[in-house]
**Q** 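Below is the structure I would like to discuss, written out as structure tokens.
Counting convention: from 1, in listed order, for ligands and their atoms alike.
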Amino acid sequence: MAQQSDDSSREKTGENLDVLVSTQTVIKKALDKLGYPEQVFELLKEPLRVMHVRIPIRMDDGTVKVFTGYRAQHNDAVGPTKGGVRFHPDVTESEVKALSIWMSLKAGIVDLPYGGGKGGIICDPRQMSFRELERLSRGYVRAISQIVGPTKDIPAPDVFTNSQIMAWMMDEYSRIREFDSPGFITGKPLVLGGSRGRETATAKGVTLMVREAAKKCGIALKGARVIVQGFGNAGSFLAKFMNDSGAKVIGISDAYGALHNDEGLDIDYLLDRRDSFGTVTNLFKETISNQELLELDCDILVPAAVENQITAANAHKIKAKIVVEAANGPTTLDATRILSEREVLLVPDVLASAGGVTVSYFEWVQNNQGYYWSEEEVEAKLEEIMVKSFENVYRTSQTRRVDMRLAAYMVGVRKMAEASRFRGWV
Ligand SMILES: NC(=O)C1=CN([C@@H]2O[C@H](COP(=O)(O)OP(=O)(O)OC[C@H]3O[C@@H](n4cnc5c(N)ncnc54)[C@H](O)[C@@H]3O)[C@@H](O)[C@H]2O)C=CC1
Ligand SMILES: O=C(O)CCC(=O)C(=O)O
């Protein structure tokens with residue numbers, strides 16, 4: 001999704017907003033810095049496999065609609081591929097490819113035994129009924145069933161998909177295989193083998209990254225003014241955790257607009273009132289645009305919605321001292337450079353949002369063991385991994401004198417490059 005949010009007045013800068021191209025640019029730089037030959041880039045610049053499927057679904061009114069979907073598997077040298085499935089009208093093949101590469105990098109940074117995968121269906125679930133969504137979820141699994149599975153490629157939730165959709169997908173896969181297969185997918189409801197702590201894991205991980213970044217910048221979290229773009233799984237729990245830690249959440253948004261109050265928003269009220277698609281601004285008369293939100297004065301800014309929100313057009317107007325990317329791809333490469341020149345500490349997506357896949361890994365391990373952990377155990381393990389990964393990336397950025405995004409790519413790409421080399425692929 002070369003996403004633009006609700007403000008059509010954004011300046012045009014001629015910047016390339018193709019997230020696959022920008023990801024490839026940073027992968028190339030990371031491999032060059034690490035001294036890998038060109039053939040490694042040739043291997044890693046695109047997914048090994050991309051499946052394009054067309055899914056005919058009987059709609060509630062009796063008509064048949066054919067949906068287009070994708071599953072991309074970037075690199076499986078380290079282990080099975082893993083990553084979410086998004087349901088969104090702006091999904092493209094190029095975006096799904098980039099998202100699968102980011103999953104490989106996340107797995108490398110937090111050191112999971114996976115490569116990256118990602119899926120998407122072009123649809124608007126906000127316009128579909130519960131039963132239509134069930135048929136689409138099951139149809140997608142039937143279409144990709146040959147290339148996925150607990151030891152091949154393990155899906156999970158992403159934008160506009162949730163634990164109910166994971167449950168239908170798991171059930172469909174179990175029917176096809178004639179075997180109960182909880183390890184086929186993560187982000188499931190607890191009663192179907194989900195992990196404690198998975199629902200809040202992405203936000204918990206981002207909270208830890210905000211904490212570590214604030215320490216580096218000498219900013220006290222208590223009283224810090226925080227803005228969160230997006231109020232879905234990642235954004236809404238993050239706003240709550242920030243609030244709980246004594247920070248003041250002064251702005252939030254969804255796809256339709258944003259809310260701002262310098263005295264702090266009532267996050268518990270908003271959490272209670274948001275719908276299952278993370279929409280809450282429709283309840284208010286006075287809203288501002290997503291672009292206005294991003295440019296407000298604050299200490300910490302967390303984009304937690306979609307791609308290409310901070311670009312060359314607005315990077316110089318960002319007032320935050322710390323930007324932590326909960327969303328995948330919210331900041332373009334030009335914007336990354338501008339923020340870095342302005343000495344804004346940017347914690348990149350492939351590190352900041354890796355808490356989700358980390359607890360998904362815990363879920364898969366628990367499914368394989370048939371033994372389930374307490375929430376405290378999950379959170380302690382998550383904290384250890386995220387803090388260690390932050391330090392690793394931060395140290396790399398300091399010692400190699402590169403920005404945090406390039407440092408994260410250097411850390412993330414190494415394991416799959418080495419595994420591919422040992423396998424004799426490059
Ligand atoms: N759910 C997870 O475990 C993980 C999610 N992420 C990333 O976090 C971001 C958000 O994902 P979730 O919270 O899971 O999705 P979600 O579907 O729960 O919520 C998405 C939020 O973004 C808003 N939104 C959608 N389109 C928008 C637009 N054009 N402009 C502004 N806001 C818009 C929606 O209204 C909603 O509030 C995505 O980039 C996703 O890839 C990253 C790692 C894990
Ligand atoms: O939980 C997972 O396996 C994947 C999460 C995801 O899609 C992401 O980190 O972007």
**Q** Do Val91 and Ile121 have side chains that approach each other closer than 4.5 Å (heavy atoms only, starting at C-beta)?
**A**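 Answer no - side chains too far apart.
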
**Q** Give the contacting part of Asn233 toward ligand 1: side chain, backbone, both or neither, where contact means a heavy-atom distance below 4.0 Å.
**A**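 The answer is both.
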
**Q** Identify the protein heavy atom lying closest to atom 3 (O) of ligand 2, giving its residue, its atom name and the separation to 0.1 Å.
**A**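 Checking every protein heavy atom, the shortest distance to atom 3 (O) of ligand 2 gives Lys82 NZ, 2.7 Å.
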
**Q** I'd like to know whether Lys319 forms a salt bridge (Lys or Arg N to Asp or Glu O under 4.0 Å) with Asp297, so could you lay out the CA-CA distance, the side-chain angles of the two residues, the decisive distance to 0.1 Å, and finally the verdict.
**A** CA-CA 5 Å; Lys319 315 268 185 328; Asp297 195 15; over 6 Å; no

**Q** Below a 4.0 angstrom heavy-atom separation, can you tell me which part of Thr202, side chain or backbone, both or neither, approaches ligand 1?
**A**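 Within the 4.0 Å criterion, Thr202 contacts ligand 1 through side-chain atoms alone.
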
**Q** Within a distance under 4.0 Å of any heavy atom of Gly356, pick out the atoms of ligand 2 and give their elements.
**A**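 In order of number, 1 (O).
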
**Q** Does a side-chain N-to-carboxylate-O contact under 4.0 Å join Lys240 and Asp268?
**A**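 Answer for the salt bridge query: yes.
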
**Q** Test your reading of the structure: does Ser253 have an N or O sitting under 3.5 Å from an N or O of ligand 1?
**A**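 Min N/O separation from ligand 1 is not below 3.5 Å for Ser253.
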
**Q** Determine, stepwise, if the pair Trp168 / Phe130 fulfils ring pair (Phe, Tyr, Trp, His ring centres under 6.0 Å).
**A** CA-CA 11 Å; Trp168 288 324; Phe130 195 69; 5.0 Å; yes

**Q** If you measure every N/O of Ala305 against every N/O of ligand 1, is any gap under 3.5 Å?
**A**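 Yes; the residue has a nitrogen or oxygen that sits under 3.5 Å from a nitrogen or oxygen of the ligand.
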
**Q** Under 3.5 Å, N or O to N or O, is Arg86 touching ligand 1 that way?
**A**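 Yes, there is a polar N/O contact under 3.5 Å.
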
**Q** Show the atoms of ligand 1 that are less than 4.0 angstrom away from any heavy atom in Asn290.
**A**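 The atoms of ligand 1 under 4.0 Å from a heavy atom of Asn290 are 31 (C).
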
**Q** Does Arg135 pair with Asp60 as a salt bridge, N-O distance under 4.0 Å?
**A**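 Judged by the 4.0 Å cut-off on N to carboxylate O distance, Arg135 and Asp60 do form a salt bridge.
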
**Q** One residue to check: Phe277. Relative to ligand 1, which of side chain, backbone, both or neither has a non-hydrogen atom less than 4.0 Å away?
**A**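 Looking at Phe277 and ligand 1, just backbone atoms fall under 4.0 Å.
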
**Q** Strictly under 4.0 Å, does any heavy atom of Glu307 approach an atom of ligand 1?
**A**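 No; Glu307 lies far enough from ligand 1 that no heavy-atom distance drops under 4.0 Å.
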
**Q** Can you find a non-hydrogen atom of Asp158 under 4.0 Å from ligand 1?
**A**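 Within the 4.0 Å threshold, so yes.
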
**Q** Which one of Gly230, Ala304, Ser236, Ala203 has a non-hydrogen atom at the shortest distance from atom 10 (C) of ligand 1?
**A**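 Nearest heavy atom to atom 10 (C) of ligand 1 lies in Ala304.
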
**Q** Closer than 4.0 angstrom: is that true for some heavy atom of Gly187 and an atom of ligand 2?
**A**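 No heavy atom of Gly187 comes that close to ligand 2.
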
**Q** What are the atoms of ligand 2, with element, lying closer than 4.0 Å to any heavy atom of Ala156?
**A**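 Taking each heavy atom of Ala156 in turn, ligand 2 has 1 (O), 2 (C), 3 (O), 4 (C) under 4.0 Å.
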
**Q** Which ligand 2 atoms, with their elements, are less than 4.0 angstrom from a heavy-atom of Gly84?
**A**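 Answer, ordered by atom number: 4 (C), 6 (C), 7 (O).
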
**Q** For atom 9 (O) of ligand 2, grab the closest protein heavy atom and report residue, atom and distance to one decimal in Å.
**A**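 Closest protein heavy atom to atom 9 (O) of ligand 2: Lys106 NZ, 2.8 Å.
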
**Q** For ligand 1, note which part of Gln291 has a heavy atom under 4.0 Å away: side chain, backbone, both or neither.
**A**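 Neither part.
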
**Q** When the aromatic ring centroids of Tyr114 and Tyr361 are compared, is their separation below 6.0 Å?
**A**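 Yes, the ring centres sit under 6.0 Å apart.
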
**Q** How about Met242 and Val210: do any of their side-chain heavy atoms sit closer than 4.5 Å?
**A**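 Met242 reaches Val210 side chain to side chain.
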
**Q** Quick one: look at Ile154 and ligand 2, take heavy-atom pairs under 4.0 Å, and tell me if it's side chain, backbone, both or neither.
**A**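 Near ligand 2, Ile154 shows nothing, with every heavy atom at 4.0 Å or more.
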
**Q** Would you say Gln309 touches ligand 1, if touching means a heavy atom closer than 4.0 Å?
**A**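 Judged by the 4.0 Å heavy-atom criterion, Gln309 does not count as contacting ligand 1.
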
**Q** Just jot down the ligand 2 atoms closer than 4.0 angstrom to any heavy atom of Val357, in number order.
**A**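 Selected atoms, number and element: 1 (O), 2 (C), 3 (O).
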
**Q** With the threshold set at 4.0 Å, does a side-chain nitrogen-carboxylate oxygen contact exist between Glu383 and Arg211?
**A**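 Counted as a salt bridge, because a side-chain N and a carboxylate O are separated by less than 4.0 Å.
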
**Q** Is it true that Tyr409 and Trp102 have ring centroids separated by less than 6.0 Å?
**A**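 Not under 6.0 Å, so no.
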
**Q** List the closest protein heavy-atom neighbour of atom 7 (O) of ligand 2: residue, atom name, distance to the nearest 0.1 Å.
**A**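 Answer for atom 7 (O) of ligand 2: Lys118 NZ, 2.7 Å.
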
**Q** Within a radius of less than 6.0 Å around CD of Glu172, do more than 12 heavy atoms belonging to other residues, nucleotides or ligands occur?
**A**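 Yes, because the 6.0 Å sphere around CD of Glu172 holds more than 12 heavy atoms from other groups.
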
**Q** For atom 8 (C) of ligand 2, what's the nearest protein heavy atom and its distance?
**A**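 In this structure, atom 8 (C) of ligand 2 has Met103 SD, 3.2 Å as its nearest protein heavy atom.
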
**Q** Measure Glu325 to ligand 1 on non-hydrogen atoms and call it side chain, backbone, both or neither using the 4.0 Å cut-off.
**A**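 Answer for Glu325: neither.
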
**Q** Mind listing the closest non-hydrogen atom pair of Pro47 and Gln73 along with its distance?
**A**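 Closest heavy-atom pair between Pro47 and Gln73: CB-O, 3.4 Å.
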
**Q** Distance check, rounded to the nearest 0.5 Å: Asn314 atom CG versus Gln309 atom CD?
**A**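 Result: 8.5 Å between the selected atoms.
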
**Q** Please list the nearest protein heavy atom to atom 1 (O) of ligand 2 with its residue and the distance rounded to 0.1 Å.
**A**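 Heavy-atom neighbour on the protein nearest atom 1 (O) of ligand 2: Ser360 OG, 2.6 Å.
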
**Q** Taking heavy atoms and a distance under 4.0 Å, where does Ala326 meet ligand 1: side chain, backbone, both or neither?
**A**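 Under 4.0 Å from ligand 1, Ala326 contributes backbone atoms alone.
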
**Q** Taking 4.0 angstrom as the limit, do Lys248 and Asp262 come out as a salt bridge?
**A**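 Not counted as a salt bridge, because no side-chain N and carboxylate O are separated by less than 4.0 Å.
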
**Q** Determine, using heavy atoms of Arg198 and all atoms of ligand 2, whether some pair is separated by less than 4.0 Å.
**A**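 Arg198 counts as a contact of ligand 2 under the 4.0 Å cut-off.
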
**Q** Heavy-atom distances under 4.0 Å decide this one: backbone, side chain, both or neither, for Ala156 against ligand 1?
**A**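 The answer is neither; Ala156 stays 4.0 Å or more away.
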
**Q** Run the contact test for Arg274 against ligand 1 with a 4.0 Å cut-off on heavy atoms, strictly below, and give the result.
**A**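 Under 4.0 Å: no for Arg274.
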
**Q** Any N or O of Ser353 that comes nearer than 3.5 Å to an N or O of ligand 1?
**A**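 It does not: no N or O of Ser353 is found under 3.5 Å from an N or O of ligand 1.
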
**Q** Parallel, tilted or perpendicular for Phe160 and Phe277, by the 30°/60° rule?
**A**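 Correct class here is perpendicular.
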
